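A short write-up of the structure that comes next.
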Number of protein chains: 2
Amino acid sequence: MVKCIKCGDVDAIAKAGIVRGKQRYYCKRCDCYFSQPTHAEPEAPALHRRHQTTIMDIASALNISKSTVSRALQGHSDINANTRKAVLDMAVQLDYQPNLLALGLARSRSYTIGIIVPEFINSFFPYIIIGAQQVANPAGYHVIICQSNESLETEIANTQVLLASRVDGVIASVTGETKTLEHFSKFQKAGIPLVMFNRICEGLDVSKVLVDDHDGAYKGVTHLIQQGCRRIAHLAGPQNLQIGRERLQGYLDALRDHNLPIDEELIVYYDLSNASAQTCARRLLDLPQPPDAIFAVNDPAAIQLLLVAKSRNIRIPAELAVVGFSNEPTSALIDPALTTLAQPLDEIGKTAVQFLLQEIEQEEGPYAPMQRILKTELIIRESSLRTKARPS
Amino acid sequence: MVKCIKCGDVDAIAKAGIVRGKQRYYCKRCDCYFSQPTHAEPEAPALHRRHQTTIMDIASALNISKSTVSRALQGHSDINANTRKAVLDMAVQLDYQPNLLALGLARSRSYTIGIIVPEFINSFFPYIIIGAQQVANPAGYHVIICQSNESLETEIANTQVLLASRVDGVIASVTGETKTLEHFSKFQKAGIPLVMFNRICEGLDVSKVLVDDHDGAYKGVTHLIQQGCRRIAHLAGPQNLQIGRERLQGYLDALRDHNLPIDEELIVYYDLSNASAQTCARRLLDLPQPPDAIFAVNDPAAIQLLLVAKSRNIRIPAELAVVGFSNEPTSALIDPALTTLAQPLDEIGKTAVQFLLQEIEQEEGPYAPMQRILKTELIIRESSLRTKARPS
DNA sequence: GTAGTTTTTGTAATCGTTACCACGGTAAAA
DNA sequence: TTTTACCGTGGTAACGATTACAAAAACTAC
């Protein structure tokens, strides 16, 4: 009953094995192999379950070729005005959305940039992301946001996703765990521009956007000294991050410049988790001779510190003055309101993307990494205000 | 001086127009058109600026065909174990990353899901997003996060990007402005599953994940009544959102069930912006007969309200008790700490994606939308605790 | 009209993958 | 010994766009 697809013979047919569950035949007469055509599903009533309009749909609706449609859509000059209008109208009518996958493949450009951040629970990174989008979107790029969750493993997975998505560029802020950089240097090997912001790691020759952490820390600690504090501790961040080292150095330099002794036991390092912040806070407060002020490497740490101090009924700022870093919105709301160093968040995001776009759009030639250092602003609130002088 | 590329004749050549800046010619003898070959740039020293490894690179390195490589990489069964190993090793050696663009194009599946949220400055949506990723990533999907910024216009732009990116599905929470739904029904027309969570709009036959807003509001207001409050106001949300209506209704029902009068002037509507929250708070506090308690539709509003009350030296909760909704982390830190209704955020995200994946992976056949309503939990803190009874 | 142009439209290759089919060799079953 | 089953691999057409190039159509100017 099986007929050869060529000669139509029925007798010269022999079975020729089963491949992936499908019976195949061999016609001795024609010396050819074949299998019964896959029963092309009795034309499922044109209900392709999902089908979005393509330029081919527009083309056949108007009886023109798809290259004409393509040219009309991208506003190429050499196209008849009427044709263009017809195409544009039909595109609206059929609700055409260009297939970014196909477009990216054809142009080897995805018009997508990747953003890697450690977290976005605190509003710090969200503000930066918003700034980044404000520059990226008008320039025709959209963004993929990856959250590394302060985990190096996740961060590596993120870089792979971005690499696989063929993003045109990446801006990133590393986790507190990140010490190796191979996963980031892959971007460079693949020729994908990378800009680091805020939390950077050394050893990578890329553009960078940061705030003047040393200066900020120096200002914060100096303010504490001016408030009369003499035994100032530092709840420090991971030292693999430049941000951690710079703020520590700012703290040290401020003490030194004001002739205050440096006491190693007043410097504790935390790993960016709230639990660790609490542990470190307790360690400081449990010292035989506890500090009269603490400069925390960031606001989340300072806030945990305030909670610990409050639970011990330590009066703030009378017994303990506190300064944070970042100006999280919560810092203004907590009691007592936290003195902190504000950073120009959306400007960080904007600048990072500007650097990135510059590098993406640059034709050929080596790219000289750029760097921008933004200033912080000391916001004085209750948590550090011992003298009755009001904050101006 | 121009020679025909075929016959080599020089005399029979005529100009034949300029296409995109390039002179073309016509040979009368051969009846053929041609242009001077583009001066194939003297082979830019193989410095392709950017080139990521493809399966073709692996194939030619091993001298096998690309289909074999493809099968090896996707762990197809009918492939020789040695071949597979060789391919896998070479893939690592060449640092191969599959091109998701090409893959998505070939399979008409992007393995990407879109998430649309109004904002992610407050930690509410970030927690939901994290929950969503926890389900999506292990299932082999990655996510594109879009922020509508509480703007309908941006929301529409977001849907277009997702449509163009050919996402396999979308979970969304609408803006306070959203009243029309065409942009969302486009997903349905294109056969792209959609799940709404938290802030939904009616009129769309899709799966939904929400919390029991009515019940939550009822519990919050009942708690205020139990604390002895009798003139309870409601700082309500936009009424185009079901969430806004449900919470209002819970408030009304609680009053009614406890035989308290309903006073229209005690209900004010805000548009989800902080500025509007402050205006509404002032309006309530300026009433000739101000309320002794306020139930706010969410925590950000309650927090703004607390700020306004504090600036007027209104004692909380003695003169004014306050209850919020959402349990933002800040609510626990502010002074006085805010009584609020906690929602199982990551569960919202997880459930939404579970519904979505179910719909994506379902073969053919109509899909019956599902719905899950999660419970809230009343967290009693200082802002509402008038009686000295301690919160249990 | 017609040669000489210019404008507009069509054709086909390409991007990186997958999917389907072809086909040769060998082992097992008849 | 002759079928038939099983394996492993190669070839090629999609997928939906862009783009270089070819060709047809529409103007000019004589």
Side-chain angles (χ1 to χ4, degrees), chain A residues 5 14-26 28 31-38 51-59 62-74 76-84 96-109 164 166, chain B residues 5 13-20 22-26 28 31-38 40 51-59 63-74 76-84 96-109 164 166:
Chain A
I5 45 168
K15 286 197 192 166
I18 294 172
V19 178
R20 272 162 285 276
K22 200 164 165 207
Q23 181 64 60
R24 297 191 47 71
Y25 303 93
Y26 173 67
K28 280 175 282 191
D31 180 35
C32 75
Y33 292 80
F34 62 91
S35 58
Q36 302 271 288
T38 335
H51 172 75
Q52 300 190 43
T53 336
T54 71
I55 75 173
M56 217 25 216
D57 295 328
I58 300 181
L62 293 170
N63 243 310
I64 56 180
S65 83
K66 61 179 182 176
S67 55
T68 306
V69 176
S70 169
R71 273 186 302 249
L73 287 173
Q74 57 190 288
H76 234 280
S77 62
D78 43 6
I79 184 115
N80 185 294
N82 295 326
T83 316
R84 165 150 59 232
Y96 169 76
Q97 291 292 339
N99 185 325
L100 258 31
L101 271 43
L103 197 151
L105 187 58
R107 288 217 275 227
S108 309
R109 286 286 291 279
R166 297 299 191 266
Chain B
I5 44 168
I13 303 303
K15 286 198 193 165
I18 295 173
V19 180
R20 268 163 288 274
K22 202 165 163 204
Q23 182 64 58
R24 296 189 50 71
Y25 302 93
Y26 172 67
K28 282 173 279 191
D31 181 35
C32 75
Y33 293 79
F34 62 90
S35 55
Q36 303 270 287
T38 337
H51 171 75
Q52 299 190 43
T53 330
T54 71
I55 64 172
M56 215 26 215
D57 295 328
I58 300 182
N63 244 312
I64 56 181
S65 83
K66 61 179 181 176
S67 43
T68 305
V69 175
S70 169
R71 273 187 305 252
L73 287 173
Q74 57 189 291
H76 232 278
S77 60
D78 42 8
I79 183 114
N80 184 295
N82 295 326
T83 316
R84 165 150 58 232
Y96 170 76
Q97 291 292 338
N99 185 327
L100 258 33
L101 270 43
L103 195 151
L105 186 58
R107 288 218 275 226
S108 308
R109 286 286 292 279
R166 299 299 192 264

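Being a predicted model, the structure only gives us computed values, none of them experimental. So you know, we letter chains A, B, ... as the sequences are listed, proteins then strands, and number each from 1.
Taking 4.0 angstrom as the limit, T68(B) places none of its side-chain polar atoms (N or O) nearer than this to OP1 or OP2 of dT9(D).
Across every non-hydrogen atom of L105(B) and A102(A), the tightest pair is CD1-CB, 3.8 Å. In this structure, S70(A) and I55(A) approach most closely via the heavy-atom pair CB-CD1, 4.1 Å. Nearest heavy-atom pair across T54(B) and Y96(B) is C-CE1, 3.7 Å.
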Discussion item. If you apply the rule side chain to side chain contact (heavy atoms under 4.5 Å, CB included), what do you find for N99(B) with R166(A), and how did you get there?
Written reply: CA-CA 7 Å; N99(B) 185 327; R166(A) 297 299 191 266; 3.6 Å; yes
Under-3.5 Å N/O pairs linking protein and nucleotides 16-19 of chain D:
{"from": "dG16(D)", "atom 1": "N2", "to": "A102(A)", "atom 2": "O", "distance (Å)": "3.3"}
{"from": "dA17(D)", "atom 1": "OP1", "to": "Y96(A)", "atom 2": "OH", "distance (Å)": "2.9"}
{"from": "dA17(D)", "atom 1": "OP1", "to": "N99(A)", "atom 2": "N", "distance (Å)": "3.0"}
{"from": "dA17(D)", "atom 1": "OP2", "to": "I55(A)", "atom 2": "N", "distance (Å)": "2.6"}
{"from": "dA17(D)", "atom 1": "N6", "to": "K66(A)", "atom 2": "NZ", "distance (Å)": "3.4"}
{"from": "dT18(D)", "atom 1": "OP2", "to": "S70(A)", "atom 2": "OG", "distance (Å)": "2.5"}
{"from": "dT19(D)", "atom 1": "OP2", "to": "Q74(A)", "atom 2": "OE1", "distance (Å)": "3.4"}

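In this structure, S108(A) OG and Q52(B) CD are separated by 10.0 Å, a value rounded to the nearest 0.5 Å. Atom CD1 in I64(A) sits 9.5 Å away from atom CZ in R71(A) (nearest 0.5 Å). Taken from CG in L73(B) to CD1 in I58(B), the straight-line distance is 5.5 Å, to the nearest 0.5 Å.
Partners of A164(B) by side-chain contact (heavy atoms from CB on, under 4.5 Å), not counting sequence neighbours, listed by chain and number: Q97(A), L100(A).
Residue N80(B) contributes atom CG, which lies 18 Å from atom P of dC6(D) at whole-angstrom precision. Atom CG in L62(A) sits about 15 Å away from atom C1' in dT8(C), given to the nearest Å. For R109(B) and dA19(C), the CZ to C1' distance is 15 Å, given to the nearest whole Å.
Rotation axes derived from the C1' atoms of the five outermost pairs at either end of the helix from dG1(C)-dC30(D) to dA30(C)-dT1(D) lie 60° apart, to the nearest 10°.
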